[in-house]
S.K.: 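Provided herewith is a single structure, encoded as structure tokens, for subsequent inquiry.
We name chains A, B, ... by the order of the sequence lines, and we start the count at 1 in each one.
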Protein chains: 2
Amino acid sequence: MRPQGPRNTRQRILEAAETAFGNEGYSGTRLHHIAERVGVQKASLFHYFTSKEHLYCAVLDEGAGQAEEIVKHVLESEGEPIDKIRALLRVCIDMVVTYPERTKIQLRQSLGDAPPGFQPTDASERMLCLVADLVASDELAKSLSPIDPFAFVLGLMGMVAFFFTSGPVVAPSWFGQQDAASVRDRIERHVNEVMERCLDGQSHAAKSSAVL
Amino acid sequence: MRPQGPRNTRQRILEAAETAFGNEGYSGTRLHHIAERVGVQKASLFHYFTSKEHLYCAVLDEGAGQAEEIVKHVLESEGEPIDKIRALLRVCIDMVVTYPERTKIQLRQSLGDAPPGFQPTDASERMLCLVADLVASDELAKSLSPIDPFAFVLGLMGMVAFFFTSGPVVAPSWFGQQDAASVRDRIERHVNEVMERCLDGQSHAAKSSAVL
DNA sequence: CGCGCAATCTACCGAACGGTCGGATGGGCC
DNA sequence: GGCCCATCCGACCGTTCGGTAGATTGCGCG
């Protein structure tokens, strides 16, 4: 009997696992369900990955590897640091829209979800270093002054991630009606708007503290 | 034998459960651990709460109830809608700093974590309606124009939540060194800065799309 | 005291889960 | 055909987890 489905079983397992880990969390996903969705017996998972934890790491590796490539490509391009930030934010939105489950996994991980003895991927560490260098550049600090570049970048990233993954749950009426593309468009415009407003005009610190 | 510890066992269970659900997620928390931390036998949990799911709901109820009170108080105060948003953001920061685990639970829930047959608390629904009304007010739309008020509020909330819960994990070197109070102060200033910059100055939509 | 009642304990259960074992299947290759 | 090897399967194992049953303790009160 032809083993059902095309022969990229390993890849299909990875994809199903990504979906499962994203939607159910690490301890919430049952290997049984992954196998079911792939259309394979649970034991077959252990043929490709030695344990649940290894499968999880493989999923993360895959994502981190892709992300590293993209980020590297953006950072190697010509342009001022602030433009690289702009580009980075755009690819960030792309990633979140294209791979929502992957984003969920990342968010979950930042909340503390992970197998007991887990440590970050090499790829993700390298990527983080690249971005950190950019964020720490004097040139960027000058463009943003007096805004803290780190807070700026992390805040906008968080905003994007939160929007797409949590928005539909918090306010389904707002997101549910329209197709993903138009939501994406609206969000991207908003984030850009906020970003550009931060980029010019001077400090409002006095005004802010007056409100306190 | 005097049952060990002070007699507010129920409350202590709730607190331990909040910590556990926040840090481990719903399917990640073990009732055994909660009992252990309270200093009580696992079976005792079932004396106060009929099931894991009920315990989870009780934790959420507690949080939602407190939050509703605070939000109601803010919304009933005098002032323009935009000032209420400012105040709301400030209490939001307060909540996130004071009850980090509660925030994590909320974030997890928006990612899809929850017992199988779960539906939102009445309190949280009421609170959401109150805020939704405010966000939908014409007056606020005018203050923010052309920024979408909904995107504005949701985005800033997401930014705050992401900062405190995920920031320390994504970049421990940035957060770990200083005490919570100073981190809080820095974040609050940043969020206020971003907010105030959004509040004045006109649209940068043209500039933004030029970047695309 | 002695009764009731709430709270807590010890001990256990059934189900589900991660993981293992040994065998079946079937295609490629000589 | 005959062999190999990757792939996949059905059945099973040990542990853990949520949940239950029943006994025990100790306090309040007539």
S.K.: Just the rounded figure in Å: distance from P of C:dC17 to CG of A:L55.
M.R.: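 Distance, rounded to whole Å: 16 Å.
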S.K.: Expressed as a whole number of angstroms, how long is the span from A:L45:CG to D:dC9:C1'?
M.R.: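 These atoms are roughly 12 Å apart.
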S.K.: By the side-chain hydrogen bond (donor to acceptor under 3.5 Å, both in side chains) test, which pairs, at least two apart or in different chains, include something from residues 129-138 of chain B?
M.R.: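 side-chain hydrogen bond (donor to acceptor under 3.5 Å, both in side chains) check on residues 129-138 of chain B returns no pairs.
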S.K.: I'd like to check the side chain to side chain donor-acceptor pair (under 3.5 Å) partners of B:R102; sequence neighbours left out, ordered by chain and number.
M.R.: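 Checked B:R102 against side chain to side chain donor-acceptor pair (under 3.5 Å); matches are B:E18, B:Q66.
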S.K.: In a table with atom names and distances, give each donor-acceptor pair under 3.5 Å that connects a side chain of residues 31-40 of chain B to protein atoms at least two apart or in another chain.
M.R.:
unit_1 : atom_1 : unit_2 : atom_2 : d
B:H32  : NE2    : B:E36  : OE2    : 3.4

S.K.: Can you say whether the rings of B:F21 and B:Y26 are parallel (under 30°), tilted (30 to 60°) or perpendicular (over 60°)?
M.R.: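 Geometry flag for B:Y26 against B:F21: parallel rings.
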S.K.: Report the distance from atom CG of A:N8 to atom P of D:dA6, rounded to the nearest whole Å.
M.R.: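 From A:N8 CG to D:dA6 P: 19 Å.
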S.K.: Rounded to whole angstrom units, what separation is found between the NE2 atom of B:H47 and the C1' atom of C:dA7?
M.R.: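 Spelled out: NE2 on B:H47 to C1' on C:dA7 is 5 Å.
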S.K.: Rounded to the Å, how far apart are B:E36 CD and C:dC9 P?
M.R.: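 Checked: the CD to P distance equals 12 Å.
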S.K.: I want to check one thing: is the phosphate of D:dC8, taken as OP1 and OP2, less than 4.0 Å away from some side-chain N or O of A:T9?
M.R.: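 So the side chain of A:T9 is within the cut-off, an N or O lying under 4.0 Å from OP1 or OP2 of D:dC8.
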S.K.: Examine C:dA7: is either OP1 or OP2 under 4.0 Å from a nitrogen or oxygen in the side chain of B:S44? Give yes or no.
M.R.: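 No.
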S.K.: Quick one: is D:dA6 close enough that its OP1 or OP2 comes under 4.0 Å of any side-chain N or O from A:Y48?
M.R.: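 The answer is no; no side-chain N or O of A:Y48 sits under 4.0 Å from OP1 or OP2.
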S.K.: Would you mind telling me which of D:dG10, C:dC9, C:dA7 lies closest to the side-chain atoms of A:Q41?
M.R.: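 Side chain of A:Q41 sits closest to D:dG10.
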S.K.: If we count only N and O atoms by modelled type, under 3.5 Å, do the side chains of A:Q106 and A:E101 hold a donor and an acceptor together?
M.R.: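 Side-chain D/A pair, A:Q106 to A:E101: absent.
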S.K.: Taking ring pair (Phe, Tyr, Trp, His ring centres under 6.0 Å) as the cut-off, I'd like each qualifying pair that reaches into residues 91-129 of chain B, sequence neighbours left out, listed once.
M.R.: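 Found B:Y56-B:F118.
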S.K.: Round to a whole Å and report the spacing from CD of A:Q11 to P of D:dT7.
M.R.: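 Rounded to the whole Å, the gap is 14 Å.
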S.K.: Strictly under 3.5 Å: I want the nitrogen or oxygen pairs between protein and nucleotides 18-21 of chain C, one per line.
M.R.:
unit_1 : atom_1 : unit_2 : atom_2 : d
C:dG18 : OP1    : A:T29  : O      : 3.2
C:dG18 : OP1    : A:K52  : NZ     : 3.0
C:dG18 : OP2    : A:L31  : N      : 3.2
C:dG18 : N7     : A:K42  : NZ     : 3.1
C:dG19 : OP2    : A:K52  : N      : 2.8
C:dG19 : N7     : A:K42  : NZ     : 3.2
C:dG19 : O6     : A:K42  : NZ     : 2.7

S.K.: Roughly, in whole Å, what's the span from CD in B:E24 to C1' in D:dC17?
M.R.: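 Answer to the nearest Å: 15 Å.
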S.K.: Under the side-chain hydrogen bond (donor to acceptor under 3.5 Å, both in side chains) rule, what pairs show up with a residue in residues 115-130 of chain A, not counting sequence neighbours?
M.R.: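 side-chain hydrogen bond (donor to acceptor under 3.5 Å, both in side chains) check on residues 115-130 of chain A returns A:E68-A:R126.
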